[in-house]
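The chains referred to below are lettered A, B, ... by the order of the sequence lines, with proteins before strands, and numbering in each begins at 1. Owing to the predicted nature of the structure, the values given are computational and were not obtained by experimental measurement.
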Number of protein chains: 2
Amino acid sequence: MDAGHMDVSGRCQRVAPVLARIGDKWAVLVVETLADGPVRFNALKREIGVISQRMLTFTLRGLERDGLVTRTVYPTVPPRVEYSLTPLGQSLLEPIGHLARWAHEHAEEMAAARLAFDAETVPEAEAAE
Amino acid sequence: MDAGHMDVSGRCQRVAPVLARIGDKWAVLVVETLADGPVRFNALKREIGVISQRMLTFTLRGLERDGLVTRTVYPTVPPRVEYSLTPLGQSLLEPIGHLARWAHEHAEEMAAARLAFDAETVPEAEAAE
DNA sequence: CAGTATCCGCAGAGATACTG
DNA sequence: CAGTATCTCTGCGGATACTG
């Protein structure tokens, strides 16, 4: 874990898997939803809304594998499975909070930049026609 | 930009595009490489190492569109194009720095969790055979 | 040097149906 | 309720070749 991760420009690439997790379309959403406490599978599904079972299961597996969430099964007659954040998962809330703050504060700037860029690009495509 | 982004659990989804950027396989890498100052296209390519032209161009376009980097063309005989971070792009260095810190500090924990999870899962698959 | 254009393979992701 | 299994389609991402 100390070497063999410098394949890019000399910067430590241990961050790459974390970036991948953060970039995961659903992972952050699930973590955020779990922030307030344990949530059952279908409740999670309902909260997120548009996610498919397959993706939710897949995402939860990944998070569980990375030690970010725990899966607790209550062997009741209607099966009841609760997911909750591990301390590691909770600690992740901090950096993604920073990210969310940045996103919130600069969303307009980015949107404006996009409009400006598209205004510069799209008309050319139309004019070429 | 004030409404119509609450499709998930009531949390503002303006962060989603930012998350997508961060999650972009190459975007963060490019931004980090640009942190020290303007870099030319091929230098960028060489620094990153394994990226294809297509992806580098694509990534740079996206970053430019989002107002994170600027593209400056010097009309010399051998074309010279420099990319550099905008103030917005530089401000992004902060949250991803937090993220990198977290990644660095918890990489071992995550790796251990993975090993434990796989040790729990893989043998079952082998035992079933 | 700095791209653009084209083709292709593979993984991500949704829909659906079935099980314990 | 909480998944697993299968099928499929989209689009990311790489390799290659060509252009200004």
Side-chain angles (χ1 to χ4, degrees), chain A residues 7-8 16-17 19-30 33-34 38-66 69-84 117 120-122 124-125 128, chain B residues 7-8 16-17 19-30 33-34 38-66 69-84 117 120-122 124-125 128:
Chain A
D7 57 306
V8 179
L19 252 32
R21 267 261 147 276
I22 299 296
D24 186 310
K25 190 177 177 183
W26 302 112
V28 173
L29 227 43
V30 170
T33 308
L34 255 34
V39 183
R40 298 223 307 279
F41 185 84
N42 273 337
L44 214 40
K45 186 164 175 293
R46 194 191 333 265
E47 277 276 310
I48 295 174
V50 295
I51 195 172
S52 61
Q53 284 121 335
R54 187 188 184 280
M55 277 302 106
L56 182 53
T57 303
F58 206 77
T59 302
L60 286 168
R61 285 271 164 156
L63 292 172
E64 192 190 356
R65 191 172 112 100
D66 286 354
V69 310
T70 56
R71 178 174 178 272
T72 310
V73 183
Y74 299 91
T76 55
V77 183
R80 177 200 185 91
V81 180
E82 280 187 352
Y83 292 90
S84 59
F117 186 88
E120 201 76 12
T121 310
V122 176
E124 291 177 7
Chain B
D7 56 306
V8 179
L19 252 32
R21 268 260 147 277
I22 298 297
D24 186 311
K25 191 177 175 184
W26 303 112
V28 174
L29 226 43
V30 170
T33 307
L34 255 36
V39 182
R40 297 223 308 278
F41 185 84
N42 274 335
L44 214 41
K45 186 163 173 291
R46 194 190 332 265
E47 277 276 311
I48 295 175
V50 294
I51 195 172
S52 62
Q53 284 122 334
R54 187 188 184 280
M55 277 304 105
L56 182 53
T57 302
F58 205 77
T59 302
L60 286 168
R61 284 273 163 156
L63 292 172
E64 190 189 357
R65 192 172 110 101
D66 286 353
V69 309
T70 55
R71 178 174 178 273
T72 312
V73 182
Y74 298 91
T76 54
V77 183
R80 176 199 186 93
V81 180
E82 280 189 351
Y83 292 90
S84 58
F117 185 88
E120 201 75 11
T121 309
V122 177
E124 290 177 8

Of all nucleotides in DNA chain C with an atom under 4.0 Å from a non-hydrogen atom of chain A, which is the first and which the last going 5' to 3'?
-> C/dA13 to C/dG20
Residues which pass side-chain hydrogen bond (donor to acceptor under 3.5 Å, both in side chains) with B/Arg46, listed by chain and number, not counting sequence neighbours | none
Side chain to side chain contact (heavy atoms under 4.5 Å, CB included) with A/Val73: which residues, sequence neighbours excluded?
-> A/Arg71, A/Val81
Residues which pass salt bridge (charged side-chain N to carboxylate O under 4.0 Å, His left out) with B/Arg65, listed by chain and number, not counting sequence neighbours = A/Asp118
Taking atom CD1 of A/Ile48 and atom OG1 of A/Thr33, what is their separation to the nearest 0.5 Å?
-> 4.5 Å
Taking Watson-Crick and G-U wobble contacts under 3.5 angstrom, with | marking pairs to another strand and [ ] crossing pairs, the secondary structure of DNA chain D is written ||||||||||||||||||||
Could you write nucleotides 7-15 of chain D as a row of B, S and -, 5' to 3', where a protein heavy atom under 4.0 Å of any base atom gives B, of only sugar-phosphate atoms gives S, and otherwise -?
-> ------BBB
Check salt bridge (charged side-chain N to carboxylate O under 4.0 Å, His left out) between A/Glu82 and all other residues, then give those that pass, not counting sequence neighbours.
-> A/Arg80
Hey, which of these two, A/Glu82 or B/Pro79, hits DNA chain D nearer its 5' end, going by closest nucleotide?
-> A/Glu82
Heavy atoms under 4.0 Å, any strand shown: does B/Tyr83 hit a base, just sugar-phosphate, or nothing?
-> sugar-phosphate
Any chance you could measure A/Tyr74, atom OH, to A/Thr72, atom OG1, to the nearest 0.5 Å?
-> 5.0 Å
Identify, with sequence neighbours excluded, every residue that meets side-chain hydrogen bond (donor to acceptor under 3.5 Å, both in side chains) alongside B/Thr70.
-> B/Ser84
Could you check which residues of residues 38-45 of chain B get a heavy atom under 4.0 Å from DNA chain D? Sort them by number, please.
-> none
Partners of B/Ala43 by side chain to side chain contact (heavy atoms under 4.5 Å, CB included), sequence neighbours excluded?
-> B/Val39, B/Arg40
Going by atom type alone, with no hydrogens or angles, which donor-acceptor pairs under 3.5 Å involve a side-chain atom of residues 49-62 of chain B and a protein atom two or more places apart or on another chain?
unit_1: B/Ser52; atom_1: OG; unit_2: B/Met55; atom_2: N; d: 3.4
unit_1: B/Thr57; atom_1: OG1; unit_2: B/Gln53; atom_2: O; d: 2.9
unit_1: B/Thr59; atom_1: OG1; unit_2: B/Met55; atom_2: O; d: 2.7

Can you name the residues that form a side-chain hydrogen bond (donor to acceptor under 3.5 Å, both in side chains) with A/Arg21, not counting sequence neighbours?
-> A/Asp66
